[in-house]
Structure formats: structure tokens, C-alpha cells
Protein chains: 4
Amino acid sequence: MPIQNPNSEYPMTFTAHRLSPGDSAPPACRLAARRASRSNSRFSVGGVTVGGREIVVIAGPCAVESRGQALSIARQVAKAGAHVLRGGSFKPRTSPYSFRGLGKEALLILAEARENTGLPVVTEVISPTDVELVGSHADILQIGSRNMQNYALLEAVGKSRKPVLLKRGMMATIEEFLMSAEYVLAQGNNRVILCERGIRTFEPYTRNTLDISAVPLLKQLTHLPVLVDPSHGTGVRSLVPAVSRAAVAAGADGLLIEVHPQPDKALSDGFQSLSPAQFGSLMRELRKVARAVGRTLHARRPGRASPA
Amino acid sequence: MPIQNPNSEYPMTFTAHRLSPGDSAPPACRLAARRASRSNSRFSVGGVTVGGREIVVIAGPCAVESRGQALSIARQVAKAGAHVLRGGSFKPRTSPYSFRGLGKEALLILAEARENTGLPVVTEVISPTDVELVGSHADILQIGSRNMQNYALLEAVGKSRKPVLLKRGMMATIEEFLMSAEYVLAQGNNRVILCERGIRTFEPYTRNTLDISAVPLLKQLTHLPVLVDPSHGTGVRSLVPAVSRAAVAAGADGLLIEVHPQPDKALSDGFQSLSPAQFGSLMRELRKVARAVGRTLHARRPGRASPA
Amino acid sequence: MPIQNPNSEYPMTFTAHRLSPGDSAPPACRLAARRASRSNSRFSVGGVTVGGREIVVIAGPCAVESRGQALSIARQVAKAGAHVLRGGSFKPRTSPYSFRGLGKEALLILAEARENTGLPVVTEVISPTDVELVGSHADILQIGSRNMQNYALLEAVGKSRKPVLLKRGMMATIEEFLMSAEYVLAQGNNRVILCERGIRTFEPYTRNTLDISAVPLLKQLTHLPVLVDPSHGTGVRSLVPAVSRAAVAAGADGLLIEVHPQPDKALSDGFQSLSPAQFGSLMRELRKVARAVGRTLHARRPGRASPA
Amino acid sequence: MPIQNPNSEYPMTFTAHRLSPGDSAPPACRLAARRASRSNSRFSVGGVTVGGREIVVIAGPCAVESRGQALSIARQVAKAGAHVLRGGSFKPRTSPYSFRGLGKEALLILAEARENTGLPVVTEVISPTDVELVGSHADILQIGSRNMQNYALLEAVGKSRKPVLLKRGMMATIEEFLMSAEYVLAQGNNRVILCERGIRTFEPYTRNTLDISAVPLLKQLTHLPVLVDPSHGTGVRSLVPAVSRAAVAAGADGLLIEVHPQPDKALSDGFQSLSPAQFGSLMRELRKVARAVGRTLHARRPGRASPA
């Protein structure tokens, strides 16, 4: 048996049989497992339905760098058909001396961008003590890769009433990813969105190696919506469109894409950000692929988003 | 440069600029690099064009187990629209005591299957001394993952006049993959087909982790056709369809799919083989995805294949 | 430069020159880099000197399971010559339903064990909000693997006046490890101890793959003390002694070893814990290896430890 | 059970119990497994005993570049106490355009070096067709990392009567490593030496990550001698001494170390080669560590080596 006990703290075996039964999620995966819910989790955030037939595209800059930059990019991604606006306010950075985001100021700018565009907003929270502040301005709380196993933070967002976008750790197994979602669900917050963003391998041409099989695998193991982040997943602008198409073809429920007005001037991640024009043409490509797999990606419905 | 700035958020060895110039293939990549050929490599094998607008689907059993099994599966995959027949004759196995293929007998069976179906045949060659024998029966010589850096074998198939299907090593970088293709090309054989088949990672749910970004990356770095093997790439039957769709959406020129009449009775890799019925419905899905990305996957053209 | 020449035999990102200059730590590594301090960091904790000529051995159970278990194991490891007592009070676990430690009760038990044995105590802190509580009972604050990039937590322990034992992330590069130490140092806390504990690879025989070269590499890049955790590094009891000897021979400043009175009855990690008798004989082996490399591992000096 | 059948072509699980029984080598590991032989394999090559109490040190240049270079380095490593001379004659290279060794000329030079120094010689064979030629000049046939699963080559050296030095693949599991040794043993050649040389990971500071736990693990699973190659294992000259000491402390039966008269002028791998002086002082360090773990590393016994 792959897992002897729910305390499994180490990799399980790969066995050909593991996926034969539909209930191959870890035994300790009580709420996140497919077996826990007949139907797919599906919920509405600021007028956008996540987990339904429609593909949800979240777009925006890696970080909110200024009011002007954020409001302009928000208008542009909304115009191109994005459904949710992303933008970093509190940025986890490898170096303590790097640009770490505008913090609360960024939250106010994102709220203003939501007012202008009607797009709900997702931004990352990196500390339990910030959950209330971030939650009072954002529509979706993002847990970044580095914090996928920051259990104090997972329980804090679990206690909040906000939807949570949980990114897979750079080196997390699918079991660990599901168990981290379980931490949020166990606190009574069942609006969890999973996001595959690439794992770390030996390949130097790309920043990470996007695990495309994680999409159908997660759709089989859990009822939670599954998104893909092709920007971090590749780290290379020219690879983002192809990998985005692949994600939709593989069954992803949405995408998280970095777009910047002037990618080469970005304070972070510019090399993997699309320009608004590139994003617009990608959206057109994605509509065709979505249709080919029985999904839709129509223009955002009107309707106000609200942080409440 | 390993580290451009103190804000480095990625392994200091990943550089955002690597892919900016179109000529980012390794300098030693003289013949395989995109810069070496204005147009994509494109050639015909037994009436099938590889590297063109049409997606090429190679299907068949992991190994030829018997005349009956091979002839029957050949008819079934041909009927479902496969363009090339695959089947192992000499099987590299981790254990010297495992079933290692029927050898020459399998080659004769594959030739008979070609006569019956008109499908050209690809089979693996694992030793330089077998190249002539295998080449006299097969239309395409496959070099398996474990032999990607078996240079004596690469030069032997390079000297033959047969097209070569080169699979990426389980832990090979894209640079190493291209340089192995260079070994074949340097011998004067320019009919090389690259095949991404998954890399080895820490994830136990899947046999390998298919590197989907390798598809657009290779299309950017080289003019050679790029195929994907979702069967080894996932190792799990239920994941093969989604990953196959993703590969086509990402721009792959074809697929290599294991199909077995009774997957659960297969002598090897049954757990990742599709049944003929599953393969048939996958072909129907792939037609739609191919169309969505401006490619085609129409039924195999009539026409005789021949080993000559 | 990613590729120096067409003869590149290694991932194009590995550069032979990186370690030629003595100052090859990342530029942003301002306080942790070797170049920042002429001499090795060296400090005393409860009568034990860390970073000096003497090898420091930290031993104890994975988790404090009961007062009896902890006090008895504390006496046994002290008798065998351990210098510091380890024991988990707040346990990060993959599953929210696993045993997660006795929390504050464990802290009181550890303090009592310190009174009985004179051994200073190290225990893990997993949330910024617990730093003050844990710091008021423990002598050294441990940051676990999963939290190596939990920057809010790193800054919280950086603000405390307690020594910090920072474990390398399961998939962290050496650069990232040093930059996480930089987060603590940047807050004015310069008593940071680094601990290599194995990285995640594809190998299923062991829980992790201990990166032995990280020891001399870190000693070259930084002035901070470097410990090794062979228990998590291997995940297998029978491999702990050999890997412990290797760590000392490679130049480690100390070891972190799990010891349990009845390993097979442990609530966590029993399979990688040594029995007190096994630990005692390992200490005898380590004395010889330490001497062979010009270090010492003599019995703990008398002297009271205190949380102040 | 970790392995359902001997045909296991995929990673097994890590389970705490796997190593409890002494017979945890794969079932298909019939001849290489510890259970197959009461005592450790031990044999003599040109007067040097491999697998005994004495640590065997194999040293020399990556490649034989010229008669002068090889004869001079041979004298120097012999003087420093090396027991066996290494030197590449046929070099597998990532690029077909790289220096690929002097071939037969190198074999003659190595034979001359053996006459001068009395040191038996090990050199790599990369093609089944070269086995007889290389075997007629060398004392030990080396199978390189890239060829660990080149089964045609493994069977060819298995049929020869020469001792075989089998290096672990860059990405091979311990199971696969043992099964490759099984290929040689199954041909009736029981003089197989295993060599851990590092696996490929995400770490860019080092060329590979040396898996130190593989040493005690292999000593537990098999009766074959286990060597370590710290030169390829780290790829960095300054890390070689510490990792060499660690290998001996962990129980390795010997080392394979690259030494070059002028490392910075080497045609290959200079950045990881020691100078003769560095090698000499390393040998002095190793003597102390060997003694600390109950082994010896005394000066080479007199006695002629011969290719017979």
C-alpha cells in the first residue's frame, strides 16, 4: 500500500494501481478528496464563477509598482478579457534587500483598480498577522509557493471567510499539496483554488518545470478547482502562450498570467511577463482551445466585484 | 551571468536572457540548432510526413508479445487513424531477468503488420551491432531514454540511412538532448525526430514528470520535429488523454502512444497503455485540439510503407 | 556565463569558476558571507560553544511525547555525552490530523529536562506569534525545513535575542539557504546556526538525500556554524551512524540526531531514531573521527544552562 | 511491498521498514544482493586487493592527453601512494566536437605507465566492440555514468574476464544501480566494483550532488565493493578533500580521484582535478580518517601489475 498511515511524512511509492480506484487521494485527505464531494467545488467571487465550465483567467503584474502602473495594466487586462486582477502587495523575496512590495498602499491601489474595472482582485498574504488587513481589501487571498507548508498561515486563511488561491510548493508532492489544502478546508473555509506553478528540476533553460500531468491528476483526486501559472511555470515569456494552451487542453479551470505594461522595466519577473498585446492575442488563442475541449472563455460578465 | 542582481528570485543559473535571442541553442549545436536551417525539418516515411502541418500519431504495444497480439493491435490502431505503428522488439529492461522482447522474430511480425496495414513501423535498437538488422525491417529506428547518451549507438544510427526517433533521457537537460541529436546529424543522417518522454522527479503519483515546456522550447531552439510520449511521460493510463491533448496544444508535431488489446494482461507497461477503444476516442479529441491550434490530424493517407 | 565552450560536459549553468574566488557567496549575502567576517562565528549557549573546535552534538526525540519520555531520554543522551537537548513541542506536519506536539506543555517539560541535566534546549518555532513564548523557555529556536523561506518567521526570530538553528529547505539551493540566514542576521541577531538536513530527490530508499558537499561549500561561503541532521537526511536508522561520521569528517561543526527510548513506539519519525544504546556507541565512533580531522568531541563541560 | 514484481521499471516507495530486514535488495537482484554472499566480495587486481580492509585509491587524469602528461602524472600519483592509475582513453562527451580521447594510443601509454610504476590501470570502455581491445591493455574496465544502463555494453564486459568498475548513472536509483551490476554478474563476471559519483539535482554550485548515504546503503544491500568519485561528485576542486574524507568515514572501500599536473591546462575537467601536491596532502588526511574507522590506507605494496 502506498500510504501506511495518515502521518506519512515521506514520499509514497508510484504504483501502477494507485490511480485505478477513483479514491486514490491520501486517506488523511478527508475534505479535499474527490470522494468527499460528488460534484466539483464551484463558487462565485465578485461575479466570476470559479470551478465551472468557464475557464477563469487571472492576469496582472507580478507586483503593484505604482498607482499608475497598476490602474493602467488593470484596464488593459480587463479590456483583453481577463476575469480577475492579480498584483503583488506583500512580496516574499529570496533576499531581504529586494523590493518587497508596496504593502498596504498596494492594497488600496488594487481596490481602486477593482472599482475602475469591476475585476475582483487576488493578492498574496505572507503572514498570519496580515490576513485580516489583506482580506479587507482583496477578494481572493493567495498563498505563495514558499508558504505552501506554512501551516500557521494556512490555518489563518482557513479561519478567514475569503477564497484562497493555494500555489503548489516548488518541491511539493501532489500528496503534500492536497494535505495543505486540507489545512484550509479543516478550518471551515471550503473556497480553495489549487494552482500548479512548476516544480524545481535540474533544467536551466526554464525557471521551473511545469508539471502538466498535475492538472488531470488533481482533477481526478480532488473536487477543488485547478489553475495553472505558466509565468512562474516556465519563467520565460516566449514559452507562456504554448504552456497556457496546454494547460487549458489538459483540463485546467483557469490560468494565472503575469502581464506588465513594459515587461523589460518591471521591478520583478519582467522576463516572464507578457505585454498587454501579447496577452490579448493569447486570449484569442485560448478561446479556440477552450472550445476544443468543451469549455468556454467568453468575455467577463458585467457586474461589480466587492471585497465583502 | 549566474547572478545579475541581488534580487535574483531564481536559481542563480537560470538566466532570463537565455531565450531572448533566437539563437540560444548551445554553440556546439551546429546542425540541430534553429539557426542552422531556415525552415523546419520535414520528411516522409512510408507515406507519412513528419514535421509538417499534420500531427503524426505513432501507436502500438510497448512490446511485440506474439504475432496475434501485434497483428490485431496494428489493425485496430490503423483503423482508429494512427499513422505509424510502434512495437518493441529488443527491450531494454532494468532487470536482466525481465521479458526482453522477441528480438528478430518481433521484427518479422512488425514487417507483416506493415504489409497488412500500410503503416510504417518504428522499433527500438539497443546495440550498434543490431542497427543493420533492425534497419532492414523497420522504417524508423528508435533510440530509447537510457541510450540517449550512448554515443556509439548514436553514431551507428547516424551512419544508417534510416530516420531516427531520439527519446530524451530521464534526466537529460535540453542542451544534452540537442547535443545527442547532433551526434546523429554529424554522421550525415538528417532525419532525426526528437521525443520528450518525461523526466525523473520526486513525484510518486506519476512514473515521470512530462516536461511540457520542452515542446515550445525545442521548437524555438531547433528545426527538428518534436514528438511527445504521454504513456511514459505519465505512466498512468487515466492521465494519457489529457496530456496528449496538452502536447498537441503546446505545438508538438506528433505523439507516441502505447495501446494494448488487453492492457491488464500486457507483459510490460500495461498500466500506462490505452485500450483500442480509449485510443479511438482520444484520436477524436485530438482532431479538435489540432484544429484549434491550426494543425490537422486527418485519417492516414493511403499508400504503401516500405522498409527501403 | 552559462556556456563557456562547446565542450561543456555539465549543466550549462554549473560554472567551474564560481568557487575560484573566496568570495563566491551571492552579492546580496552581506552579513552571512565569509567575506563579511574574518573569523568563524562562534558563540556560547548554556555553557556550550557553537562554531569552535569542538563538535556540538544535539540529541533527543523528534517530539516531546510525555514528561516521562522526555526526562528519561534527556538523562540518557546527557549521559552519552550530548551537548544540547532537542525535542519538538510545536510540530509542523503534512497532515492537519497528525500528532502536532504538546505545545506549551512540551516547553515546560523541556525546561525541566534542562534543569535536571544542565543541557541547553533547542525546539522548533512555527509561527511568529509563538516566538516570544518559545523563546522564554528554549535556549535555541529552530526554524524547520518547511519554514526556511517563511520570511515573517525569519524576521521574528531575527528580532528575538535567541540563537537560531536554521534548517535548509528540502529543495533550497545553497544561495537561498544563505539568503534566508541573511533575513535573520539583517534583524541584528548574529547567532545563526545552519543545518543541512537532506534534499528531496528521486531516490526511494532514503527519505532525503543528504548533501554532504554542502558542508565544505558552506564553510567556504559563510562564517556561520554548519550542522548536519543525519536523521532526516537519511530517514533510515541504520544509515545514521555512517552519515554522522561522514559529516564530521567533512568538517561539520556539529550534529542533530534523533534518539528515542523506544524508537518503534515513537509517535513520529521512530524509523529514523536511534536507541540510547546506539547513540552511545555512535558518540564513541565520532570521537575518533573528530580527532582524525583535528576536532574534539569531549564530554560536555559542567555548567548550568539557562533560558535567559 | 515496495516491489510487486522483478520487472519493476519505476521508483519504489520509501518505507521506514524497507531496510529493517537485511534482505531489502530488489528480489531480481539475485547475484548482487548481500543475501547472495555471506562475505564481502574481495579480489586482487595487479597486486591490489579491492573490497578488503584496505582503502583503495585510484588516481590520475580525466583523460590521457599525451605520453608525457600521463607518464609524469602516473609517477606522481604512485609516489603519493595511489594504488591504481586512472586515465581516459575513449571519452564519452556531450558534444561530438569535443576532445574524445586518444583512443588506442592512450591505451598503449597507460600500459607503459603501468610498466613504469607497477600501478594497475583502469580506463573507460564506451562500446561493446571496444571491450576486447581495451581489455587487452587495461586491468579494470570502467563503465561510465551515461552507460550504466547500456545493457549491450554491460553484457559485453560481463563476458570479458576483466574486473569492472561500474559508475552510478546521474539519475539512477540504487535499485537500478544494483540491477545494472546484476547484468554483469549474470554473465559470469563476479569482479564488479560499484562507484557512487553524484546524482543530478537543482543545485548550481556543484556539478552533481554526491549521495553519501549511498555508501552505507550499498554496503548493506550488496556484497560488492563500493567506491566514491568525489571529483565528479562535486565538480569543484576545493570540495574534493572534504568529500573524500567523508566517503572514507562513511565506509567506502576506495576513492576515484582526478589529478592533473596542471589542472588549469587540462583538456577536460581541470576545474575538478587536484594538483599532485594537493593529492599528496589529501592522502595524508585520508590515512588518519581510515584509521579512525578501523581501515588502513598504507603505501602500495610492491609487486608488478599485468594486464593478464
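In what follows, every heavy atom counts, from backbone to side chain, and hydrogens, waters and symmetry copies are set aside. Naming: A, B, ... by sequence-line order, numbering from 1 per chain.
- In this structure, chain D has heavy atoms under 4.5 Å from both the backbone and the side chain of B:Asn150.
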Margin query: The test is side-chain contact (heavy atoms from CB on, under 4.5 Å); show your working for D:Thr173 and B:Arg200 and say whether it passes.
Written below: CA-CA 10 Å; D:Thr173 61; B:Arg200 177 163 284 178; 3.8 Å; yes
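- What you find for D:Tyr97 and B:Ala28 is that their closest heavy atoms are CE1-O, 3.1 Å.
- Side-chain contact between D:Met170 and B:Met171: absent, with no pair of heavy atoms (C-beta onward) separated by less than 4.5 Å.
- With sequence neighbours excluded, the residues forming a ring pair (Phe, Tyr, Trp, His ring centres under 6.0 Å) with B:Tyr151 are B:Tyr183, listed by chain and number.
- Checked against side chain to side chain contact (heavy atoms under 4.5 Å, CB included), D:Thr123 has the following partners two or more places apart in sequence or in another chain: D:Ser89, D:Leu107, D:Leu110, D:Val134, D:Ala138.
- At a 4.5 Å heavy-atom cutoff, the contact between B:Ala172 and chain D is made by backbone atoms alone.
- Checking each of B:Glu182, B:Glu175, B:Met179, B:Glu176 against D:Ser95 for a side chain to side chain contact (heavy atoms under 4.5 Å, CB included) leaves exactly one that passes, namely B:Met179.
- To the nearest 0.5 angstrom, B:Leu153 atom CG is 11.0 Å from D:Leu153 atom CG.
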